[in-house]
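Order of the sequence lines fixes the chain letters, A, B, ..., with proteins taken first and strands second; residue numbering starts at 1 for each chain.
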Number of protein chains: 2
Amino acid sequence: MVEYINGKKIDENKPITIREVSEAAQVSMATVSRVINGNPNVKPATRKKVLKVIEELDYRPNAVARGLASKKTTTVGVIIPDITNVYFSSLALGIDDIATMYKYNIILANSESDEQKEIQVLNTLLAKQVDGIIFMGNTITEEMRRQIKRAKIPFVIAGSVDSLEEIESVHIDYVAASEEAVRDLVNHGNERIAFVSGSLTEPINGEYRLQGYKNVLAENNIEFDPELVFETGYNYHSGEIMWPALSAMGVTAVYAGDDELAAGILNSAQDAGIKVPEDFEIVTSNNSKLTKIVRPKMSSITEPLYDIGAVAMRYLTKMMNKEEVETENKTIILPYGYIKRSTTK
Amino acid sequence: MVEYINGKKIDENKPITIREVSEAAQVSMATVSRVINGNPNVKPATRKKVLKVIEELDYRPNAVARGLASKKTTTVGVIIPDITNVYFSSLALGIDDIATMYKYNIILANSESDEQKEIQVLNTLLAKQVDGIIFMGNTITEEMRRQIKRAKIPFVIAGSVDSLEEIESVHIDYVAASEEAVRDLVNHGNERIAFVSGSLTEPINGEYRLQGYKNVLAENNIEFDPELVFETGYNYHSGEIMWPALSAMGVTAVYAGDDELAAGILNSAQDAGIKVPEDFEIVTSNNSKLTKIVRPKMSSITEPLYDIGAVAMRYLTKMMNKEEVETENKTIILPYGYIKRSTTK
DNA sequence: TTGAAAGCGCTAACAC
DNA sequence: GTGTTAGCGCTTTCAA
């Protein structure tokens, strides 16, 4: 089918370009470009005429061409270790919402927590000319740090820390949050408190949470016992098989770094006939839905996951617009909370 | 800093383009393009020389420019209703893995299950010139169908059905799966079996699951009672408040369309002092981790979520390459399973 | 307020 | 095998 508009022939099969619009509207491409981009320097009458043609022709600007010409793609890269993990997907939701609000699209790239893949994924994002990158992950490796610096592109870490504080990031105060959780346990008279988390090579565990845990023990004159620190995986199964080891060490309470992990420990203790919270207490870290689904419901630190993602994205938009970023340092700390449920006395 | 390679001055600050490479290597841009794209029509010596310069200059092709010139972006759009829902994120993981395998990137777009947003998101994906789209969602509205047709772009529905079977999709046989679940319940002597799911306007519930449910009742001469069909939300809370209503109808078993929902029902029944599975049985639909975390562990239909995503993406790659798609119709049915745990006798 | 024209960095004929 | 040369569809000076 062929259509004529203002005497110009329009071929239905190939997408109309700014040129067709300009011809049909009898203005220059520059003018069409101006109205598309909301440039005020267009006479209202002209704008109206162009808009009408755009409507009639059902013209949609080609974002790729626009990206090439303007050197901005209005898309940001998001590196995520595991999209099926609620911790990360909650962050991602916050990121996406704010991105949408600021008219950015998101290229989601799975890193599988693999250092090789992280680098590789970073490179393909750069090749796609993203305007900025949000990184979620557990550790920021040296190689990654090097690549980021070299890329000279706005970059924000969400829900994790850069222990060198070189790269902008948003997260909570993990040390203080851990302290609060462990303090609750200590206050109930527990002395054999285990810290169970993922890899201690991740700063969040090995540096911050562990530090908070130690701090509270110290302030209560409880001797730190390295054997009460359990390094395992961030998943239900790891917790599920853990009770015997915990029990053998005479543990009466656990501070867990992950909800699934905590749920596994909780269930395995109860399956062994232990009464919770009477004989065993546990607090966890992420306050995901899971904390309310298991029985008893779990006490937990609360992290504003959605907000962390949202703030990280907002921070990134500021960097991309080269707005003044008002923080003295590169880190944004969001408030954490602690919610007491039924796995603690 | 300024560097010279083969007498050409290289400005560190702006990215290297194919032109710089071609000049430094003393070949044409076309030749550089050929080696980048693995075109065999390049003399090995030349290829080597070019590769060396690419390495030295640390050149990375600009995917945006490439996209504009070739009219292919090697990115696909993925429309997802809720990234924090494991059902969808599991599909997304499968999609992403296969996409990566075929060198595609993914633009993830949240639709919030909102019809308006779905359309809007589709349009921005089209503007970004994605090579194809994978759609996850509960219903495919008429407006959406129209837009898809108009877009003339490879499009696959993952984990949901197009009841008109006009659009390519991959999913399981929901009717047969429901039948198997309900049959297990009937076989244990239950006659007051409720079907609890999300909105019945979604074909998966209102047409397929409900049909399977009815089929089994009929084949066992149990009269269908519309009051045993409960339409609610896909979330834990909806289930949590549901026991009184179920109990009032004399329900002894439930077939639930969602795991969180099922977990809520299970917990609320047990909190009311009901013994499971002795006095109440329940089967659910997605076999997420949750089924193993609650107590008792839930019996469930199993859907190969990851595979559905993966197959959908694979299907899409074939369409994008205009390969022959061998299916007689547009639907790919993957096998489902049923796993018996402890919420059924 | 508008238009002309030069790119953005790459690919894809086509020629040699 | 390799180079030349048009574009791809848009933005962005610069002039008018």
Tell me the interatomic distance from A:Arg34, atom CZ, to D:dT12, atom C1', rounded to whole angstroms.
9 Å
Over 12 foreign heavy atoms within 6.0 Å of CZ, A:Arg145
yes
With a 6.0 Å cut-off (strictly less than), is the heavy-atom count around CD of B:Gln116, excluding the residue itself, greater than 12?
no
Measure from the side-chain heavy atoms of A:Asn41 and tell me the nearest of C:dA12, C:dT1, C:dG3.
C:dT1
A:Ile332 and A:Leu334: CA distance, side-chain angles, deciding distance, side-chain contact (heavy atoms from CB on, under 4.5 Å) verdict
CA-CA 6 Å; A:Ile332 297 184; A:Leu334 260 36; 3.7 Å; yes
A:Lys128 side chain to B:Thr74 side chain, donor-acceptor N/O pair below 3.5 angstrom
yes
Using whole Å, what does the distance between atom P of nucleotide D:dG1 and atom NZ of B:Lys49 come to?
14 Å
So if I take every side-chain heavy atom of A:Thr31 and compare against D:dT12, C:dT2, D:dG3, which nucleotide ends up nearest?
C:dT2
So which protein N/O to nucleotides 7-10 of chain D N/O distances come out below 3.5 Å?
unit_1: D:dC8; atom_1: O3'; unit_2: B:Lys71; atom_2: NZ; d: 2.9
unit_1: D:dC8; atom_1: O2; unit_2: B:Ala69; atom_2: N; d: 3.2
unit_1: D:dG9; atom_1: OP1; unit_2: B:Lys71; atom_2: NZ; d: 3.0
unit_1: D:dG9; atom_1: N2; unit_2: A:Ala65; atom_2: O; d: 3.4
unit_1: D:dC10; atom_1: OP1; unit_2: A:Tyr59; atom_2: OH; d: 2.5
unit_1: D:dC10; atom_1: OP1; unit_2: A:Asn62; atom_2: N; d: 3.0
unit_1: D:dC10; atom_1: OP2; unit_2: A:Ile18; atom_2: N; d: 2.3

Will you find, in the side chains of A:Thr317 and A:Arg314, an N or O donor that is under 3.5 Å from an N or O acceptor?
yes
Could you tell me the separation between the CG atom of A:Asn39 and the C1' atom of D:dT13, rounded to a whole number of Å?
13 Å
Any side-chain heavy atom of A:Ile18 within less than 4.5 Å of one from A:Tyr59?
yes
Does B:Arg47 make a side-chain donor-acceptor contact with the base of D:dG1, cut-off 3.5 Å?
no
